[in-house]
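Computation of the quantities below employed the complete heavy-atom set of this structure, encompassing side-chain atoms and omitting hydrogens, waters and symmetry-equivalent molecules.
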Amino acid sequence: MDNVRRTPINLIICGLGRMGMIHIENIMASFNVNLAYMVEANLEHAEKVKHNYCLDSTKILHFNDFQKAVDDKSTHCVIICTPTDTHEDLLVKALNAGKHVLCEKPLARNIETIAMCYKLAKEKDVILLCAFNRRFDPQIQEMIRKKSSVGIMQSIKICSRDSPKPPMSFLKISGGIFHDCIVHDLDMLRYIVQEDPETIYSIAHVYDPEIAALDDVDTVMVVLKFPCGILAHIDISRDCRFGYDQTIQIYGSEGNLISDNPRKSSLTMNGAKQVEDIHYSFKTRYPEAYKGELAHFVDMVRGGKQECMIKASDTIKATCLSQAAEDSWKEGRVIDVKSFLEKNYGSILKDIV
């Protein structure tokens with residue numbers, strides 16, 4: 001690891017879609033990080049990216065040749081941001097090759113495989129970071145630092161309304177709104193409260209006929225109660241027409257904290273602030289979160305002392321709770337979380353930290 005600290009980190013990125021391009025821009029701005037390989041199904045697109053970003057020394061491989069990149073002994077780590085249904089295969093190949101991995105969620109299609117991937121990472125002594133990017137947002141981190149100022153936390157409201165509506169090509173492989181979207185909010189609640197809920201209940205509706213044809217929903221509300229007494233509420237939509245609406249409100253015995261929507265501009269005209277629109281999508285709402293996420297990953301790869309912010313238990317618990325929320329909607333009942341976890345995932349969770 002000392003040798004890694006002295007020399008540039010050679011990184012492989014797999015996937016050059018929306019998330020891939022966010023990572024590319026942040027890699028370019030990172031100190032001592034070399035983009036060794038771009039792995040992409042659309043080679044013409046990859047060549048354009050290489051040209052536009054002057055990545056003369058970066059090698060391009062087709063998606064089907066990913067194994068060649070991870071077999072290269074000079075590479076240290078991989079970022080996986082390909083379509084959802086391809087994560088598992090790429091992740092297992094990267095871990096088996098002894099590479100550190102930053103992977104967009106979900107790591108895999110089922111919780112058993114996710115747990116297996118963390119076990120494999122431990123056996124190979126490599127880092128596996130699941131990209132719950134909101135944990136790295138400076139505004140949310142400040143909220144976490146100041147949450148004691150509200151006194152005893154009593155209720156939390158999360159609004160998480162997507163913009164723009166994802167294309168149908170993505171929605172078909174996304175895993176559905178509970179595992180694609182709500183998993184972020186459930187992770188955020190666990191991050192704030194620092195415990196698992198005791199009950200979870202969901203109601204939902206679908207307005208979009210294309211989403212209905214996928215047997216999915218586009219509008220969901222989830223209500224949770226935590227053992228400490230906190231009541232929480234998640235309000236989520238696939239299609240918010242006025243922008244990417246992302247807020248968190250914490251109410252307590254001594255006051256409240258609100259992580260509001262940042263505006264595109266804080267322009268002041270004639271002494272009065274002009275209210276600007278909120279950001280259109282996740283790319284412009286969370287740019288600092290994505291930078292922080294990459295910096296955290298690179299620091300750990302270099303052997304930094306900071307503890308991984310997203311542990312195996314965080315990824316697996318958030319995924320389990322997403323399934324509980326979906327089951328609640330489908331079955332029309334309140335889910336007792338402890339019983340649900342023990343019945344469905346008890347053998348997995350007892351080995352996870």
Side-chain angles (χ1 to χ4, degrees), residues 4 7-30 32-109 113-114 116-118 120-121 124 126-131 133 166-167 169-170 172-175 180 282-283 290-291 293-298 300-302:
V4 173
T7 58
I9 287 177
N10 292 322
L11 188 149
I12 302 162
I13 189 163
C14 192
L16 297 176
R18 291 189 302 173
M19 278 310 312
M21 295 313 301
I22 290 172
H23 288 305
I24 288 278
E25 292 174 6
N26 291 332
I27 291 165
M28 296 293 293
S30 298
N32 227 11
V33 177
N34 174 53
L35 184 56
Y37 288 91
M38 293 189 296
V39 181
E40 166 63 30
N42 185 340
L43 295 181
E44 183 179 354
H45 173 55
E47 289 290 352
K48 287 180 181 178
V49 172
K50 180 174 180 175
H51 173 76
N52 291 341
Y53 287 88
C54 301
L55 297 168
D56 297 336
S57 63
T58 301
K59 298 174 184 177
I60 295 174
L61 287 176
H62 188 272
F63 176 83
N64 294 335
D65 295 323
F66 175 72
Q67 190 67 48
K68 293 180 181 178
V70 294
D71 284 344
D72 186 336
K73 302 292 186 186
S74 70
T75 59
H76 304 106
C77 53
V78 181
I79 296 178
I80 298 173
C81 40
T82 51
T84 300
D85 56 351
T86 65
H87 290 183
E88 179 182 326
D89 181 60
L90 297 170
L91 176 56
V92 172
K93 285 179 179 177
L95 293 175
N96 274 320
K99 306 302 180 186
H100 305 287
V101 182
L102 166 59
C103 184
E104 296 298 324
K105 57 87 198 150
L107 301 185
R109 281 298 194 185
T113 306
I114 293 172
M116 180 273 291
C117 288
Y118 275 107
L120 180 58
K124 296 290 185 178
V126 294
I127 295 151
L128 173 53
L129 179 63
C130 184
N133 66 290
S169 58
F170 171 78
K172 289 176 180 178
I173 61 168
S174 69
D180 181 44
F282 62 87
K283 179 180 180 180
Y290 293 118
K291 291 176 186 176
E293 178 184 78
L294 178 64
H296 179 62
F297 178 60
V298 168
M300 290 191 294
V301 171
R302 284 203 170 106

side-chain contact (heavy atoms from CB on, under 4.5 Å) assessment of Met28 paired with Val33: CA-CA 8 Å; Met28 296 293 293; Val33 177; over 6 Å; no

Report, one line per pair, each donor and acceptor closer than 3.5 Å where one atom sits in a side chain of residues 52-61; sequence neighbours left out.
from: Asn52; atom 1: ND2; to: Lys48; atom 2: O; distance (Å): 3.3
from: Tyr53; atom 1: OH; to: Glu25; atom 2: OE2; distance (Å): 3.2
from: Thr58; atom 1: OG1; to: Leu35; atom 2: O; distance (Å): 2.6

Residues which pass side-chain hydrogen bond (donor to acceptor under 3.5 Å, both in side chains) with Tyr37, listed by chain and number, not counting sequence neighbours: Asp72

Non-neighbouring partners of Asp71 that pass side chain to side chain contact (heavy atoms under 4.5 Å, CB included), sequence neighbours left out: Gln67

Leu107 vs Glu88, side-chain contact (heavy atoms from CB on, under 4.5 Å): CA-CA, chis, key distance, verdict: CA-CA 6 Å; Leu107 301 185; Glu88 179 182 326; over 6 Å; no

Partners meeting salt bridge (Lys or Arg N to Asp or Glu O under 4.0 Å) with Lys93 (sequence neighbours left out): Asp89

With Lys99 via salt bridge (Lys or Arg N to Asp or Glu O under 4.0 Å) - residues at least two apart: none

From [X] [atom1] over to [Y] [atom2], what is the distance, rounded to the nearest 0.5 angstrom?
| X | Y | atom1 | atom2 | value |
| --- | --- | --- | --- | --- |
| Ile79 | Met38 | CD1 | CE | 13.0 Å |
| Met300 | Leu128 | CE | CG | 9.5 Å |
| Phe66 | Thr86 | CZ | OG1 | 9.5 Å |

N/O donor-acceptor pair under 3.5 Å between His87 side chain and Pro106 backbone: yes

Flag, side chain of Asp65 to backbone of Lys68, donor-acceptor distance under 3.5 Å: no

Under a 4.5 Å cut-off applied to non-hydrogen side-chain atoms, are [X] and [Y] in contact?
| X | Y | result |
| --- | --- | --- |
| Val49 | Glu40 | no |
| Asn32 | Val298 | no |
| Val70 | Asn96 | no |
| Glu47 | Lys50 | yes |
| Asp85 | Arg109 | yes |
| Cys130 | Tyr118 | yes |
| His100 | Phe297 | yes |
| Val101 | Leu90 | no |

Audit row: Val78, Leu91, side-chain contact (heavy atoms from CB on, under 4.5 Å) steps and yes/no: CA-CA 9 Å; Val78 181; Leu91 176 56; over 6 Å; no

Please tabulate, for side-chain N and O atoms in residues 10-24, each donor-acceptor pair with protein atoms closer than 3.5 Å (sequence neighbours left out).
from: Asn10; atom 1: OD1; to: Asn34; atom 2: ND2; distance (Å): 2.9
from: Asn10; atom 1: ND2; to: Ser74; atom 2: O; distance (Å): 2.9
from: His23; atom 1: NE2; to: Glu104; atom 2: OE2; distance (Å): 2.9

For a quick test of reading the model, state the closest non-hydrogen atom pair linking [X] to [Y] and the distance between them.
| X | Y | answer |
| --- | --- | --- |
| Thr113 | Ala108 | CG2-CB, 3.7 Å |
| Cys117 | Leu95 | O-CD1, 3.4 Å |
| Ala131 | Leu102 | CB-CD1, 4.0 Å |
| Ile173 | Pro83 | CD1-CB, 3.5 Å |

